[in-house]
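Just below is one structure, and these are the notes that go with it.
Within every chain, numbering begins at 1; the chains are lettered A, B, ... in the order of the sequence lines, protein sequences first and strands thereafter. The model shown is predicted, which means the values in this text are computed figures rather than measured ones.
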Amino acid sequence: MAYWLIKSEPDAWSWDQQVAKGAAGEAWSGVRNHTAKLNLMKMKKGDRAFFYHSNIGKEIVGIVQIVREHYPDPSDKTGVFVMVDVKALEPLPKPVTLAQIKATPALKNMALLKLSRLSVQPVTAGEWSAICRMGGLKR
DNA sequence: GCCAACGTTGGC
DNA sequence: GCCAACGTTGGC
């Protein structure tokens, strides 16, 4: 299984809205960046991703699961970009903030810090478990 | 095909 | 509100 991190501005689409969608999941559309697109296309059903709130909060608030692999984004008229469907899996008992990640030596190479503008990015297994622990999940 | 100008994102 | 990073656009 692969791990990812997806970003959203809570003004546009928040964790609470994602949770409200429940098991049905929701389309993760609107990506207009080719690097992000490549990552979307690597996602497999069952992969997990951190849900990060950019701008407001600047913290990882929960975990989502990929429930549908990439397909054309109907909101993209050029037909170039793709999207996936994700569903909320569980919240982090303690959201992990950007400041905490920066202060953690093991996480200093995270794409989140190096490619701050990339909205869909890979997370290593080591980073995943470290953040889960910081977030109060026991695993 | 290069590169300057410009727009957007996102942290501060 | 500012600015750095970076992607895109357009002139040459």
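Nearest heavy atom pair, residue A:E69 against residue A:K45, reads OE2-N, 2.9 Å.
With B:dC12, B:dG10, C:dC6 as the candidates, the nucleotide lying closest to the side chain of A:S119 is B:dG10. Here B:dG10 is the nucleotide among B:dC12, C:dT8, B:dG10 with the atom lying nearest to any side-chain atom of A:S54.
Rounded to a whole Å, the CG atom of A:L113 is 16 Å from the C1' atom of B:dT9. Rounded to an integer number of Å, the gap from CG of A:L118 to C1' of C:dC6 is 11 Å. Taking atom CD of residue A:Q121 and atom P of nucleotide C:dA5, one finds them 17 Å apart after rounding to whole Å. Taking atom CZ on A:F81 and atom P on C:dT8, their separation rounds to 7 Å, with Å as the unit.
In this structure the side chain of A:L5 reaches within 4.5 angstrom of the side chain of A:M110, judged on heavy atoms.
Remark: nothing in residues 4-19 of chain A comes within less than 4.0 Å of DNA chain C through any heavy atom.
Connection of A:F51 to A:V84 is established within a shared hydrophobic cluster, with ILVMFWY side chains joined at heavy-atom distances below 4.5 Å, either directly or through further cluster members.
When the side-chain nitrogen and oxygen atoms of A:Y52 are compared with OP1 and OP2 of B:dT9, none of them lie within a distance under 4.0 Å.
Checking A:D47 against A:W4 by side-chain atom types alone, a donor-acceptor pair falls below 3.5 Å.
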With side chain to side chain donor-acceptor pair (under 3.5 Å) as the test, would you mind laying out the steps for A:S54 and A:R117 before giving the verdict?
CA-CA 10 Å; A:S54 66; A:R117 289 185 51 199; over 6 Å; no
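A:Y52 has its ring centre no less than 6.0 Å from the ring centre of A:W15.
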